[in-house]
Amino acid sequence: MKETIIALLDEALVTLKQQGVLPADTSPTIKVDPTKDKAHGDYATNLALMLAKPAGKKPRDLAEALVAALPESAAVSKTEIAGPGFINFFASTDAVAQVVAQVLESGDAYGRSLAGQGQKVQVEFVSANPTGPLHVGHGRGAAIGDSLCRLLEAVGHDVTREFYYNDAGAQISNLALSVQARVKGLGPEDAGWPEDGYRGDYIQDVANSYLAGETVHADDRHVTAKGDPEDLDAIREFAVAYLRREQDLDLKAFGVEFDVYFLESSLYEDGKVEATVERLIDQGHTYEEEGALWLRTTDFGDDKDRVMRKKDGGYTYFLPDVAYHLDKWQRGFARVINEQGADHHSTVTRVRAGLQALDAGIPQGWPDYVLHQMVLVTRSGVEVKLSKRAGSYVTLRDLIDEVGRDATRYFLAARRADSQLTFDIDLARSQSNDNPVYYVQYAHARVCSVLRRLEAEGLSFDHDLALANLASLTEDQEKALMNRLARYPEVVAHAAASREPQQVAQYLQDLAADFHTCYNAVKVMVEDDALRNARLALGLATRQVIRNGLDLLGVGAPEEM
RNA sequence: GCGCCCAUAGCUCAACCGGAUAGAGCAACGGCCUUCUAAGCCGUGGGUUGCAGGUUCGAGUCCUGCUGGGCGCGCCA
């Protein structure tokens, strides 16, 4: 419909140019938007306002000229000029209703496109270190990151989901020491407990499992415990595998799976860290000072230079980060999106600067970042403090168990990434209508319920009869619902382009509202076969779009509540 | 002090490359179940879009400066 109007306006422009009303060199991007107020028709364009200045005419006069030049079309029943010079289009009932046929024909594919042309995109997200269970912040990253991947796939990209973690640094040593202390029967209050050791109960679980000689399988590794309290290397290896398995299980329960697990240690093993250092030195952007090797990142927009190699000879995390991203580039990802917590935003400039210093042909501003702000968790109105090192924090698993997977994913993905999020456990737990995910799911379940009713009455949906009678969907509420359905592909495209899965959630709430309104106003199970089937078709189309949209969020579409 | 992000109804949040009278949900108030699931619908009240300027036909949206909040500013990750 929208495309039809744009095409009509395009023809009108050509005509006006031929008539000399418009300069021949004007080629504006024609913007047609759905209206907010149905008194303004179904679609509106601000074209006359945009062109008023170059044409040297009053907007309303130009609008009249444009309308006069519009070709006839069966899709448009009426046009109006309104306000300062908007042109409003009233779609014909037939044209609006065609979306129902389109949705039913496309099914799961409705809203999807091939616009991405199979371009490879890598999305790195979660990337938690294996030092403990995933917390709510990781959950937000998982929900946003995975939805983003689903969106990118929906618009035709070849997406790789990647999880990067440090399996060898100081934090991991601390983990190993903590587990070893538990293995030896020590607690955080005892003398000999490692300084800054991980105090959480899960450390005891790891220790017990280690002592029992258990075998753990994570997606990317497979380790049997030695059970020897003195073998720190064995403890470390086991603890990492144990916690990776834990995280994998949490993510699986959350509906998130990765294609690639990338180990920081592999960068060292493969000589990629060393090669990166050498390359940076060769490019002349480094210097030594106070026994450390620095990279002059200030040449590339950073506010201070960064240490790459410490005076003790070890590398800072910065260097493997650069080596890792060089590796991504070399793997052929012209587009990479890193989803991470905003508390790490300082790495953005730094990593990009490091990549520029390599002079490897990597574009400035590569890779992209989506940063999510902190998640505050409250229980009984009191903030639950997130502290990984202290070991007391709300885990993702807690939320999935208490709140349910669907509501948790919806809550965490339904808000803009760059606004802070308060996750009220009590509110999210309550199975009340406070929870928007139920509102959307209920709309889906209601359609299913009508179908059950249909069957109970010994009737069935007649597809051909329905499509032949779509023109009988003339109620205002039906028209509003159909207009909403028609917008879905655009919503998907826009959400993917702006990397904001939250737009899909917003759309679904609007769609569900339109449906509920329609449901209350218009009875589906009427005597008239033609009308009943047409309305059933509208319900089925709505159900399809809700299902498609929820799938982009990784949320299920139940058939009954 | 410097950098990044945010500020919209009492609360939680929307607002599609700047568009018409800023929208939903919750909370408040009033209606709607002998009729497809009332986890729903309809209606009422509720706003100087933090403040002050600027850009233009038009600003919640863009620019500048403030105020308030979050995060970051390690030879930690």
Side-chain angles (χ1 to χ4, degrees), chain A residues 29 31 33-37 39-40 44-46 49-50 52-53 58-59 82-86 88 127 129 131 166 169-171 264 289-294 302-304 306-318 320-321 341-349 371-374 376 414-422 424 427 431-436 438-439 441-443 445-454 456-457 487 490-491 493-495 497-498 500 502-503 505-507 509-510 512-513 515-526 532 535-536 539 560-561:
Chain A
T29 48
K31 195 177 163 189
D33 288 323
T35 54
K36 292 174 189 165
D37 185 341
H40 297 146
T45 183
N46 63 348
L49 294 166
M50 304 275 288
K53 187 170 276 185
K58 289 181 186 169
F86 291 100
N88 296 334
S127 291
N129 284 338
T131 54
N166 173 346
Q171 290 186 32
E264 183 180 348
E289 194 174 288
E290 296 177 25
L293 183 65
W294 297 68
D302 204 355
D303 54 357
K304 60 174 80 166
R306 304 294 170 178
V307 170
M308 300 193 304
R309 192 171 58 216
K310 299 181 276 189
K311 61 184 171 194
D312 69 7
Y315 295 113
T316 59
Y317 68 91
F318 164 54
D321 269 2
D343 54 336
H344 285 200
H345 74 254
S346 63
T347 64
V348 175
T349 309
L371 304 178
H372 65 261
Q373 294 291 329
M374 300 295 92
L376 239 61
R415 257 176 205 79
R416 292 173 57 93
D418 55 13
S419 68
Q420 291 164 39
L421 169 62
T422 300
D424 182 335
L427 181 69
Q431 297 248 330
S432 73
N433 48 6
D434 295 344
N435 197 334
Y438 290 127
Y439 184 78
Q441 289 182 323
Y442 181 44
R446 267 185 150 174
V447 178
C448 296
S449 171
V450 172
L451 292 175
R452 286 191 294 270
R453 178 62 177 248
L454 185 75
E457 295 190 8
R487 291 182 60 177
E490 195 190 332
V491 169
H494 194 268
S498 59
E500 292 187 358
Q502 139 268 330
Q503 291 179 8
Q506 187 66 35
Y507 169 83
Q509 280 170 247
D510 292 339
F515 172 76
H516 287 308
T517 295
C518 197
Y519 182 90
N520 270 68
V522 181
K523 190 169 166 66
V524 177
M525 296 298 292
V526 292
R532 184 181 65 245
R535 287 179 176 169
L536 279 167
E560 51 192 319
M561 302 297 285

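A, B, ... follow the sequence lines: proteins, then strands. Residue 1 opens every chain.
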Would you find a donor on one side and an acceptor on the other, under 3.5 Å apart, between the side chain of [X] and the backbone of [Y]?
X	Y	answer
A:Thr131	A:Gln171	no
A:Thr316	A:Val307	yes
A:Arg532	A:Val526	yes
A:Thr347	A:His344	yes

Does a nitrogen or oxygen in the side chain of [X] sit under 4.0 Å from OP1 or OP2 of [N]?
X	N	result
A:Tyr438	B:A38	no
A:Gln502	B:A15	yes
A:Lys304	B:G74	yes

In terms of side-chain heavy atoms of [X], which of [options] is nearest?
X	options	result
A:Leu49	B:G40, B:C16, B:G19	B:G19
A:Gln171	B:A39, B:C17, B:A77	B:A77
A:Asp343	B:G19, B:G72, B:C75	B:G72
A:Ala44	B:A77, B:A20, B:C16	B:A20
A:Thr316	B:C41, B:A77, B:C13	B:A77
A:His40	B:C71, B:C41, B:A20	B:A20

5′-ward residue of the pair A:Ala445/A:Ala342 relative to RNA chain B: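 Per heavy-atom nearest nucleotide, the more 5' residue is A:Ala445.
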5' precedence on RNA chain B between A:Ser346 and A:Ala512 (nearest-nucleotide basis): A:Ala512
Those residues that, when tested against [X], pass ring pair (Phe, Tyr, Trp, His ring centres under 6.0 Å) (two or more places apart):
X	value
A:Phe318	none
A:Phe86	none
A:His40	none

Using a 4.0 Å heavy-atom cut-off across all strands, classify [X] as base, sugar-phosphate, or nothing.
X	answer
A:Glu560	base
A:Arg452	base
A:Asn88	base

Can you sort out the partners of [X] under salt bridge (charged side-chain N to carboxylate O under 4.0 Å, His left out), two or more places apart, ordered by chain and number?
X	value
A:Glu457	A:Arg453
A:Arg306	A:Asp302, A:Asp303
A:Arg446	none
A:Glu560	none

On a whole-Å scale, what distance lies between the [atom1] atoms belonging to [N] and [M]?
N	M	atom1	result
B:U34	B:G30	C1'	24 Å
B:A15	B:G74	P	35 Å
B:U21	B:C63	C1'	27 Å
B:U49	B:C11	P	16 Å
B:G47	B:A22	C1'	9 Å
B:C5	B:U64	P	11 Å
B:G31	B:U12	P	30 Å
B:C16	B:A7	P	13 Å

Length of the CE-P vector between A:Met308 and B:C75, whole Å: 14 Å
Set of residues satisfying side chain to side chain contact (heavy atoms under 4.5 Å, CB included) with respect to A:Glu500, sequence neighbours excluded: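 With neighbours one apart ignored, the set is A:Arg416, A:Ser498, A:Gln502, A:Gln503.
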Collect all protein-nucleotide pairs involving nucleotides 30-36 of chain B in which both atoms are nitrogen or oxygen and the distance is under 3.5 Å.
from	atom 1	to	atom 2	distance (Å)
B:U35	O2'	A:Lys523	NZ	3.0
B:C36	O2	A:Val524	N	3.4
B:C36	O2	A:Met525	N	3.1
B:C36	N3	A:Val524	N	3.1
B:C36	N4	A:Tyr519	O	2.3
B:C36	N4	A:Val522	O	3.1

Check: A:Asp510 side chain, B:A15 base, donor-acceptor under 3.5 Å: no
Reading 5' to 3' through nucleotides 59-64 of chain B, protein heavy-atom contacts under 4.0 Å coded B for base, S for sugar-phosphate only, - for none: ------
More than 12 heavy atoms from other groups under 6.0 Å of CE on A:Met50: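 Result for CE/A:Met50: open.
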N-glycosidic conformation, B:C42 - syn within 90 degrees of 0, else anti: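 Judged by the O4'-C1' to base torsion, B:C42 sits in anti, the angle falling more than 90° away from 0.
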Collect all protein-nucleotide pairs involving nucleotides 3-5 of chain B in which both atoms are nitrogen or oxygen and the distance is under 3.5 Å.
from	atom 1	to	atom 2	distance (Å)
B:G3	N2	A:His345	NE2	2.8
B:C5	O2'	A:Gln373	NE2	3.3
B:C5	O2'	A:Asp418	O	3.0

Bracket notation of RNA chain B in which parentheses pair within the strand, [ ] cross earlier pairs, and | pairs with another strand (Watson-Crick or G-U, under 3.5 Å): (((((((..((((.....[...)))).(((((.......))))).....(((((..]....))))))))))))....
